[in-house]
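Here is the structure we will look at.
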Amino acid sequence: MLRWFEETDTKRPGVISSRIRLARNIENYTFPSSLSEKESTELVHSLEFGLKDLNEVENKTYRFAMLDDLDDLERFALMERRILNSATVTRKEPTGLYVSKDEDASIILNGDDHIRLQLLSKGLCLEELWERADRYDDYINQRFCYAFDDRYGYLTSFPTNMGTGLKASVVVHLPMLSLGRKFPSLITDMSRLGTAVRGVYGEGGDNFGALYEVSNQKTLGQSEKEIVETVTKAANQLANQEMQVRKMTVQRRRLEREDEIYKSYGVLKYARRLNARDAMIFLSQLMAGLNDGLLETKEECSIYSLMLGVQPANLQKNIDRPLNKEELDVVRADFIRKKLPELK
């Protein structure tokens, strides 16, 4: 079975993935940060047993693990694949994880909140993901009573998540739009729509790979439908503007674009060492070139899957041993050479 990010999606160029995340807490338990180790263990085992037939919701195969049974490499690899967040990956308290075989559905038990349900998919499909999340939510709520307030909605560890407890997000690819001088003001405009835009990879002003996550800023005072519509609208707006810029660039500077893209392919296909920054930049160029029809490969290939695969923990997990920086660069180049299809 392919994992969700290994599938290709050509319907909406520029939109990489969608995610719906729900935060929920159980009545009669304090928030995870205030639980004793005994209470945490009791809660996790109760949730694990109560959700043991989770496959009834969507007929998926799940595996369950306690995070302290996973080594550091496995945890960080799961974080790179967006299943764990940075707070959960280093968590020492008893924490459980249900994750589907295709990794598009996961539930963290006793992380930031008692329950964090997450659904992921390629492309722009927040409405569909919300409908699925609603079914999971009903399934869980039939077995456990949620902490809920008539005025404030679902009660969560972080006040910013109260209300619906819903975080909707879309990852968009903006290699051309992000280079423009007006991009910072465009991001500010997105905030006026009630959304936040942040770079996915890189530090400071750098964002290697030009991937940006668009998400809702508020969960209180809006319905789930309104949140989904707001984020979808913002993601569509950014993706449409990106495609307009790329179309104009192809019309005016096609040879220059083709030269950049074919050079990127050549480096990726034949390099013997690649650091993470260069790999992400060249993969970003290649992704744009494939979407714009400036080059074709003999077989379909999920470039986003390669972007996840070249991250340090996932590379080391594939090799099954720790690697120093120089070894990582060699293994990264080898990984891309083997995965990258030939050109037509």
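Only this structure's heavy atoms are used, side chains among them; waters, hydrogens and symmetry mates stay out.
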Verify side chain to side chain contact (heavy atoms under 4.5 Å, CB included) between Asp189 and Gln237, making sure each step is shown before the conclusion. CA-CA 11 Å; Asp189 290 341; Gln237 185 173 328; 5.7 Å; no

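- Annotation for Lys60: atom NZ counts as buried by contact number, over 12 foreign heavy atoms lying within 6.0 Å.
- Criterion: ILVMFWY side-chain heavy atoms under 4.5 Å apart, direct or through other members. Under it, Leu54 and Ile20 are part of a common hydrophobic cluster.
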Residue pair Leu268, Tyr270: steps toward the side chain to side chain contact (heavy atoms under 4.5 Å, CB included) verdict: CA-CA 6 Å; Leu268 292 169; Tyr270 299 107; over 6 Å; no

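- Within 6.0 Å of the CZ atom in Arg337, the count of heavy atoms belonging to other residues, nucleotides or ligands exceeds 12.
- Counting only N and O atoms by type, the side chains of Asn161 and Thr219 include no donor and acceptor under 3.5 Å apart.
- In terms of the salt bridge (Lys or Arg N to Asp or Glu O under 4.0 Å) criterion, residue partners of Lys338 (sequence neighbours excluded) are, by chain and number, Asp334.
- Looking only at distances, no side-chain donor or acceptor of Asn110 sits under 3.5 Å from a matching main-chain atom of Asp113.
- Between the NZ atom of Lys225 and the OG1 atom of Thr232 there is a distance of 12.0 Å, given to the nearest 0.5 Å.
- Side chain to side chain, Asp104 and Ser100 meet the donor-acceptor criterion of an N or O pair below 3.5 Å.
- In the hydrophobic clustering of this structure, Leu155 does not group with Ile26; members are Ile, Leu, Val, Met, Phe, Trp, Tyr whose side-chain heavy atoms approach within less than 4.5 Å, directly or through other members.
- A salt bridge links Lys269 with Glu342: the closest approach of a Lys/Arg side-chain nitrogen to an acidic carboxylate oxygen falls below 4.0 angstrom.
- By the 6.0 Å contact criterion, CD on Glu37 is open, its count of non-hydrogen atoms from other residues, nucleotides or ligands being 12 or less.
- Residues Leu129 and Val228 form no side-chain contact, since every pair of their non-hydrogen atoms from C-beta on lies 4.5 Å or further apart.
- Between Val172 and Glu242, every side-chain heavy-atom pair lies at or beyond the 4.5 Å cut-off.
- Salt bridge annotation for Glu103-Arg3: present, with a cationic side-chain nitrogen under 4.0 angstrom from a carboxylate oxygen.
- Under the 3.5 Å distance criterion, the side-chain polar atoms of Ser18 are matched with a main-chain donor or acceptor of Cys125.
- Hydrophobic clustering (ILVMFWY, side-chain heavy atoms < 4.5 Å, transitive): Met243 and Met176 are in distinct clusters.
- Using a 4.5 Å heavy-atom threshold, the side chains of Val99 and Leu78 count as separate.
- No path of Ile, Leu, Val, Met, Phe, Trp and Tyr side chains, each step under 4.5 Å between heavy atoms, connects Tyr201 with Phe76, placing them in separate hydrophobic clusters.
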Return a table of donor-acceptor pairs under 3.5 angstrom between the side chains of residues 311-319 and protein atoms on other chains or two or more places apart.
from	atom 1	to	atom 2	distance (Å)
Gln311	NE2	Met307	O	2.8
Asn314	OD1	Arg81	NH1	2.7
Asn314	ND2	Ala77	O	3.3
Asn314	ND2	Glu80	OE1	2.8
Gln316	OE1	Leu323	N	3.0
Gln316	NE2	Pro312	O	3.2
Lys317	NZ	Glu74	OE1	3.3
Asn318	ND2	Asn314	O	3.3

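- Nearest heavy-atom pair, Gly96 versus Met66, reported as atom, atom and distance to 0.1 Å: CA-SD, 4.1 Å.
- At most 12 heavy atoms of other shown residues, nucleotides or ligands fall within 6.0 angstrom of atom CD in Glu299.
- The closest side-chain donor-acceptor pair between Tyr139 and Asp53, if any, does not fall under 3.5 angstrom.
- By the 4.5 Å heavy-atom criterion applied to side chains, Phe183 and Leu174 are counted as neighbours.
- Between Leu120 and Arg82 there is a side-chain heavy-atom pair separated by less than 4.5 Å.
- Closest approach of Gly221 and Glu226 over heavy atoms only: O-OE1, 4.4 Å.
- Counting non-hydrogen atoms of neighbouring residues, nucleotides and ligands closer than 6.0 angstrom, the CZ atom of Arg273 reaches no more than 12 such neighbours.
- Distance check, rounded to the nearest 0.5 Å: OG1 of Thr249 to CG of Leu179 gives 9.5 Å.
- The aromatic rings of Phe31 and His114 are tilted relative to each other, their planes meeting at an angle between 30° and 60°.
- Within the 4.5 Å cutoff, side-chain heavy atoms of Pro32 are placed close to those of Asn25.
- Checking side-chain atoms of Asn55 against main-chain N and O of Thr61 turns up no donor-acceptor pair under 3.5 Å.
- Considering only heavy atoms from C-beta on, His173 comes within 4.5 Å of Pro175 through its side chain.
- When hydrophobic clusters are built by joining Ile, Leu, Val, Met, Phe, Trp and Tyr residues whose side-chain heavy atoms come closer than 4.5 Å, directly or via intermediates, Ile115 is not grouped with Ile108.
- For the pairing with Val15, the side-chain contact (heavy atoms from CB on, under 4.5 Å) check across Val214, Val171, Leu124 returns one residue only, Leu124.
- A 4.5 Å side-chain heavy-atom check between Tyr212 and Val200 finds every atom pair outside the cut-off.
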